[in-house]
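Order of the sequence lines sets the chain letters (A, B, ...), proteins ahead of strands, with each chain counted from 1. What you see is a predicted model; the values in this text were computed from it and never measured.
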Protein chains: 2
Amino acid sequence: MKKELSTEDKIKEAAKTVFLQKGFSGCTTREIAKAAGMNVALVCYYFRSKDQLFQLIFQSILEEFVFSLIQVFQEEMPLQDKMRILIQKRYEFVEKNPEFPNFIHNEIKRNAEFMQHNKKVFDKIASSGIFEEALIAQQKGEMRQIDMFHITMLIMSNCDFPFISRNFHISTQELTEEEMTEKLSEHRHIVSDMLMNYLFPNTTHS
Amino acid sequence: MKKELSTEDKIKEAAKTVFLQKGFSGCTTREIAKAAGMNVALVCYYFRSKDQLFQLIFQSILEEFVFSLIQVFQEEMPLQDKMRILIQKRYEFVEKNPEFPNFIHNEIKRNAEFMQHNKKVFDKIASSGIFEEALIAQQKGEMRQIDMFHITMLIMSNCDFPFISRNFHISTQELTEEEMTEKLSEHRHIVSDMLMNYLFPNTTHS
DNA sequence: AAGTAATTTAAACATTTGTTTAAATCATTT
DNA sequence: AAATGATTTAAACAAATGTTTAAATTACTT
C-alpha cells in the first residue's frame, strides 16, 4: 500500500528520515538516494541541490511541529485543562518524533536565518490567543505569575529533553532500548504532575 | 599572558572551541587549524588524525562534566541542601559551557561506542554514594519516592535544555542575546523552586 | 506506431576534505 | 660553527561529495 509513491515522494520521505536522524552535515546526497532506492542524480534532478531539498524538508517538519501545538490552544476548555493536554500532547509528539528537537536545534545553529524564513509559522501560536488567556488566569491568581518565556521553557525542557538525551541515558545507565522506552513512558506522568503542581499551585491535582 | 601556549596546546584549544560549537561532522581540520592560527598539516603532525584529536577533546570535556557533578555529591550536608546546590551548580556549569549538552548528545548519536570507552568516568558518580543517600531519604519519607532515573532526568531536563534551545528561543521569541542571557539567569530560580518543591514536597521552601 | 517529453542511469566534473610527503626552517647539542 | 633532531610549510594525493551532462529508457500523446 505504501508502494504507490512517486520517485519524488520516495526521495522526500527518505530525506526526511535521514535528515532527522543525522542532520544536514551528518549525511550525504548519496546516502539519501540510497535510502530512497534511487540514483544520486535523481535527487538533484528533482530538488536541484541538497540545500534546497533540506530547506523543503525542514519547513514541512517545522509546520508539523507548530500545528501540533496550535491544535490544543484552539480547543474550548479551561486553561488548566488546556495546559494539561498541551503537556501531554507535546510529550507524545516528541515521543513519536524523537529526533525532532535535536534536529531543529542543530540546524538553527548551522544557519540562524532558517528560522527567520519560517517566522510566519510561529506567529500562528501568538495569534491563537493562548498568551492572553494565560495572562487573565494569572491576574485571577489561578496560575503562577511567571513570564510566558519561563512557562514555555519549562514545558519544552521537560517534554523534549528526555528524548534528546535518550541515548545518553541508555549509555550511562546501561539500559536496553525497551527499558528506556518504558521509562520514558512513565516519565510523562511525573512531568505532567510536576508542571501542573508548579503552574497551578492552589489547585488539588489528582 | 595567554601567548605562551605551545603549538600543540593552541591546536587543542582551538579544536575544543570548534568541536563544541560545530560538532565533529560540522567542521573541518582546516577550520581547526585556522582557528589555532596554524597550518593544516600541523594538526595531523601532532594528532595523527581528526578522529584521534576529537577523541582526545571529547574525553577531556567529558571528565570536566562528570567531575563538576561529583564535587557536590562528596560534600557533607543534608541531602536536601545537596540537591539544591547540585541543581544550582549544574545550571551554572551549563551556563558556562552552553555548547556542552548538545555536543555530547550529537557525538553519542554519531558513535554510540564513544560512551562505552568512557564508562569508567560515570561509575564515579555511582560510587559517590549519592544514590544510597537518596534511597534512605526516600524511605524516611523526606524525598518523593520516584526512581533515580526520573530524578536525574528532571534535573538535567531543566538545567540543560534551556541552553540547548537558546537559539531556538532567540529566534522564535525575537530576543537579543543579552535579553536571552538575562532570561536564562532568571530561569535558574524557577527551575530550582519547581524541582525542590516537587522532590521534597513536605518541606516549606523559602 | 511514431514522435515527443519526462524520467532514469552511468559517468564525469569540480570542490572539499583528511592525510601525507618532502623540503625548509628553527632550536639544541656538541 | 656543524650537526642533529624537532618543527613548520607548501604542495600534492586520494577519497568523498555536491552537481552536471549526455545518453538511454520509459511514458504519453497524436
Go through the side-chain N and O atoms of N197(A) and N197(B) and say whether any donor and acceptor fall under 3.5 Å apart.
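Per modelled atom types, N197(A) and N197(B) side chains form no pair under 3.5 Å.
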Integer-rounded Å distance: [N] [atom2] and [X] [atom1]:
| X | N | atom1 | atom2 | value |
| --- | --- | --- | --- | --- |
| I32(B) | dT19(C) | CD1 | P | 10 Å |
| L42(A) | dT25(D) | CG | P | 16 Å |
| K10(B) | dT7(D) | NZ | P | 14 Å |

Hey, do the aromatic rings of [X] and [Y] have their centres closer than 6.0 Å?
| X | Y | result |
| --- | --- | --- |
| F54(A) | F19(A) | yes |
| F100(A) | F163(A) | no |
| H187(A) | F161(A) | no |

Would you say [X]'s side chain and [Y]'s backbone share a donor-acceptor pair under 3.5 angstrom?
| X | Y | result |
| --- | --- | --- |
| D9(A) | L5(A) | no |
| K16(B) | S60(B) | no |
| T172(A) | F168(A) | yes |

Please list, in numerical order, the residues of residues 52-62 of chain B that have a heavy atom closer than 4.0 Å to any atom of DNA chain D.
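Nothing qualifies; none.
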Qualifying residue for side-chain contact (heavy atoms from CB on, under 4.5 Å) with M194(A), from I146(B), L154(B), L199(B)
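Testing M194(A) for a side-chain contact (heavy atoms from CB on, under 4.5 Å) against I146(B), L154(B), L199(B) leaves exactly one candidate, L154(B).
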Report, one pair per line, the protein and nucleotides 14-21 of chain D atoms (nitrogen or oxygen only) whose separation is under 3.5 Å.
residue, atom, partner, partner atom, Å
dG18(D), OP1, K50(A), NZ, 3.0
dG18(D), OP2, T29(A), N, 2.8
dG18(D), OP2, T29(A), OG1, 2.7
dG18(D), N7, R30(A), NH1, 2.8
dG18(D), O6, R30(A), NH2, 3.1
dT19(D), OP2, K50(A), N, 2.6

Considering every strand and a 4.0 Å limit on heavy-atom distances, what is the contact class for F47(A): base, sugar-phosphate, or nothing?
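F47(A): no heavy atom of the nucleic acid under 4.0 Å.
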